[in-house]
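Reading through the structure tokens given below for one structure.
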Amino acid sequence: MGENAVSKIYVLTTLCFLILFCITLACQSVNAQAEVRKILVIPVAFKNITIQTKPSLIGYSVKTYLTEYFDEVSYGKLQLDISVYPKFVILNNSWSSFETYYYDRIVLEQLLTQVLYNLSETVDITAYWALMIVHLGSCKYKSCAKGGLIDIPGLVSPLRYIIVPFTSPKLYYVYAFLQARGLSDQPKADGWTPMAPTASEDYPPHILMAEKAKLGWVSHGSEILSISRGKHLEVSIYRSSSAAGVRGLILPLTTETSLYIEYRFSEGQDSGIPKNGVLLYIHNHPSGRNEILKVLWVGEEYIDRVSRFIVKVLNADPLSTSLFVANGLPDLAIKSVTYNGDLIPGREIELTITIENIGDITSMPFEVIIKDAFKTKTISGSALEAGETRTIKTTIVLRPGTNEINISVQSELDSNTNNNNYKLELLAAKSLIIKKFWSPKERYDVGSEAVVDILVIRDNDGLPATGAVFEYKGKKYTVNASGHLTLTLSSNEVGK
């Protein structure tokens with residue numbers, strides 16, 4: 001074998017060793033970050049119930065239900081170390097003595113106390129994160145699955161417990177564990193989390209991203225992207241069951257509430273969700289409650305004009321979705337309308353229209369529509385930044401009498417349309433009145449020229465008819481700013 005071949009083998013061997021070493025370090029790093037929970041499963045029977053199963057079968061059910069669910073849902077950040085008590089703990093009382101444990105605290109304490117007193121003295125219950133009682137009592141309600149912390153005088157305090165009837169569906173096992181882990185019921189989550197009243201019993205769904213953040217299974221920033229007020233962007237997020245990447249968005253709305261956005265697709269532990277789509281829900285930080293607002297699919301959008309946000313689904317596939325999201329809304333308003341020119345029929349006057357975006361984010365392009373007695377005019381404008389104003393100038397022709405000019409601004413997205421319209425009324429003269437007509441001399445010689453001053457006013461307001469044009473013998477005369485015009489007259493006839 002040549003020297004070059006040996007060198008190549010050595011390099012490849014070293015490279016493989018380094019790769020394996022890095023993989024080992026990565027696995028150790030993942031395991032170091034994982035939350036390990038030791039659970040002791042205790043099979044429990046009652047004196048009037050015939051035992052028809054084995055502790056090992058109960059242990060198998062618990063391990064299967066919980067590990068397959070939490071391995072996916074926690075993204076490997078929860079590891080369960082489950083031990084099974086080797087025999088049934090048979091209580092001296094009948095099931096009817098304990099069947100109210102899920103709503104009667106005194107009965108709950110009695111059940112837990114008797115179970116603990118019947119355990120072997122060799123069992124160190126302080127070595128376990130939780131004790132999980134799986135009993136043979138008949139209870140078919142979800143509320144029969146219960147978990148939490150309790151203080152019982154004379155026993156380990158606080159004691160973390162999980163109680164589930166053996167014949168319960170998978171959902172109940174998951175639900176009781178999550179209660180013990182600190183999650184609360186979500187009455188307005190409509191089947192999108194095991195903590196909701198209508199979740200699938202056979203396929204309990206992923207918990208919500210807000211709940212995963214509470215448990216520390218996802219982090220804000222790298223996995224849940226925050227979009228602050230006044231920001232908008234196009235963004236892609238992976239489905240909730242994906243093991244990496246951005247899987248959620250959060251939009252802070254008030255000091256106590258935020259909008260969460262996540263993508264749910266029927267696959268894996270999410271096989272029992274109500275439908276595929278982008279899930280929008282309001283999270284209340286003090287209470288931890290979540291209220292589903294809407295589930296969107298491609299081409300659909302949700303605009304909340306009160307909380308001021310918009311979400312639109314641009315595209316979606318089984319792995320991810322693309323969204324347009326804005327934490328805030330534009331609000332185009334007509335700030336002012338002024339005119340310049342004299343109110344003379346047939347004359348053009350100039351209108352100055354000021355448009356302002358008083359909203360939180362950049363507006364869409366807009367149109368200003370001006371409608372008067374003669375025609376409708378449309379002027380297009382490009383997008384306005386939040387707080388930006390723009391001046392638009394145009395002209396209109398007045399007709400005699402009252403001129404009603406209706407002005408509106410329209411845009412594809414506008415949070416408040418109550419400030420989009422403006423009505424301007426201008427009163428133009430129907431006729432002009434010669435208020436005075438005089439000459440500096442009372443008499444003129446035949447053939448001489450006479451200078452005549454005329455004061456002309458408008459009939460509508462008595463103001464000078466500035467700009468009005470008179471025509472006399474082919475010559476035009478314009479009324480000045482004070483309402484006067486001067487004519488030069490001559491005549492070869494005697495008399496007035």
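Since this is a predicted model, take the numbers as computed values, not measurements.
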Counting the benzene-type ring for Trp, do Phe70 and Phe177 have ring centres under 6.0 Å apart?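 Centroid distance Phe70-Phe177: below 6.0 Å, so yes.
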Could you check whether atom [atom1] of [X] has more than 12 heavy atoms from other residues, nucleotides or ligands sitting under 6.0 Å from it?
X: Tyr260; atom1: OH; result: yes
X: Tyr302; atom1: OH; result: yes
X: Lys371; atom1: NZ; result: no

If every non-hydrogen atom of [X] is compared with every non-hydrogen atom of [Y], which pair is closest and at what distance?
X: Asn327; Y: Ile361; answer: O-CG2, 4.2 Å
X: Leu427; Y: Leu343; answer: O-CD1, 3.5 Å
X: Thr394; Y: Ile370; answer: CG2-CD1, 4.2 Å
X: Arg264; Y: Ser240; answer: CD-CB, 3.6 Å
X: Glu35; Y: Leu215; answer: OE1-O, 4.2 Å
X: Ser184; Y: Met195; answer: O-CB, 3.4 Å

Could you check Asn340, Asp372, Thr395, Leu424 and say which one makes a side chain to side chain contact (heavy atoms under 4.5 Å, CB included) with Leu351?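 Option passing the side chain to side chain contact (heavy atoms under 4.5 Å, CB included) with Leu351: Leu424.
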Side chain to side chain donor-acceptor pair (under 3.5 Å), that's the test. Do Trp192 and Gln186 meet it? Break it down for me. CA-CA 9 Å; Trp192 292 97; Gln186 298 294 338; over 6 Å; no
Do the non-hydrogen side-chain atoms of [X] and [Y] ever get within less than 4.5 Å of each other?
X: Pro330; Y: Leu413; value: yes
X: Ile282; Y: Leu259; value: yes
X: Glu301; Y: Ile303; value: yes
X: Ile344; Y: Leu398; value: no
X: Arg37; Y: Arg181; value: yes

[X] (side chain) donor-acceptor with [Y] (main chain) under 3.5 angstrom:
X: Thr417; Y: Asn420; result: no
X: Asn406; Y: Lys423; result: no
X: Lys312; Y: Phe324; result: no
X: Arg239; Y: Pro318; result: yes
X: Tyr69; Y: Lys170; result: no
X: Arg247; Y: Gly245; result: yes
X: Ser266; Y: Asn276; result: no
X: Asn416; Y: Asn418; result: yes
X: Arg160; Y: Ala180; result: yes
X: Ser380; Y: Glu367; result: no

Tell me which donor-acceptor pairs under 3.5 Å the side chains of residues 200-207 have, and how far apart each pair is, sequence neighbours excluded?
residue: Ser200; atom: OG; partner: Tyr203; partner atom: N; Å: 3.1
residue: Glu201; atom: OE2; partner: Tyr172; partner atom: OH; Å: 3.2
residue: His206; atom: ND1; partner: Lys212; partner atom: NZ; Å: 2.8
residue: His206; atom: NE2; partner: Glu72; partner atom: OE2; Å: 2.8

Specify whether His283 and His285 have parallel, tilted or perpendicular ring planes, treating 30° as the upper limit for parallel and 60° as the lower limit for perpendicular.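 The arrangement is perpendicular - the two ring planes meet at more than 60°.
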From [X] atom [atom1] to [Y] atom [atom2], the distance as rounded to the nearest 0.5 Å:
X: Ser157; Y: Leu149; atom1: OG; atom2: CG; answer: 9.5 Å
X: Lys142; Y: Leu171; atom1: NZ; atom2: CG; answer: 4.5 Å
X: Thr193; Y: Leu178; atom1: OG1; atom2: CG; answer: 7.0 Å
X: Lys231; Y: Leu251; atom1: NZ; atom2: CG; answer: 13.0 Å
X: Ile39; Y: Leu80; atom1: CD1; atom2: CG; answer: 5.0 Å
X: Thr362; Y: His232; atom1: OG1; atom2: NE2; answer: 4.0 Å

Indicate whether any N or O donor in one side chain lies under 3.5 Å from an N or O acceptor in the other, for [X] and [Y].
X: Glu223; Y: Trp217; answer: no
X: Lys335; Y: Thr389; answer: no
X: Ser287; Y: Asn284; answer: yes
X: Asp81; Y: Gln79; answer: no

What verdict does the side-chain contact (heavy atoms from CB on, under 4.5 Å) test give for Val409 and Ile353, after you've listed the backbone C-alpha separation in whole Å, the side-chain angles of each residue and the deciding distance to 0.1 Å? CA-CA 10 Å; Val409 58; Ile353 305 165; over 6 Å; no
Is there a side-chain contact (heavy atoms from CB on, under 4.5 Å) between Ile334 and Ile355 once you walk through the steps? CA-CA 5 Å; Ile334 298 177; Ile355 307 298; 3.9 Å; yes
Derivation and outcome, side-chain contact (heavy atoms from CB on, under 4.5 Å), residues Tyr173 and Ser168: CA-CA 7 Å; Tyr173 285 82; Ser168 297; 3.9 Å; yes
Would you mind telling me which of Asp331, Asp360, Asp414 makes a salt bridge (charged side-chain N to carboxylate O under 4.0 Å, His left out) with Arg308?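 Running salt bridge (charged side-chain N to carboxylate O under 4.0 Å, His left out) over Asp331, Asp360, Asp414 with Arg308 returns exactly one hit, Asp360.
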When you check the gap from the basic side-chain N to the acidic O, do Glu291 and Arg289 get nearer than 4.0 Å?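 The answer is no: the pair does not qualify as a salt bridge.
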Please report the C-alpha distance between Tyr65 and Val174 in whole Å, then the side-chain angles of each, then the deciding distance to 0.1 Å, and finally whether the side-chain contact (heavy atoms from CB on, under 4.5 Å) criterion is met. CA-CA 7 Å; Tyr65 284 160; Val174 171; 5.6 Å; no
Cation-pi check for Phe366 against Arg390: NZ or CZ below 6.0 Å from the six-membered ring centre and within 45 degrees of the axis, yes or no?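 Geometry flag: not set, cation outside 6.0 Å or 45°.
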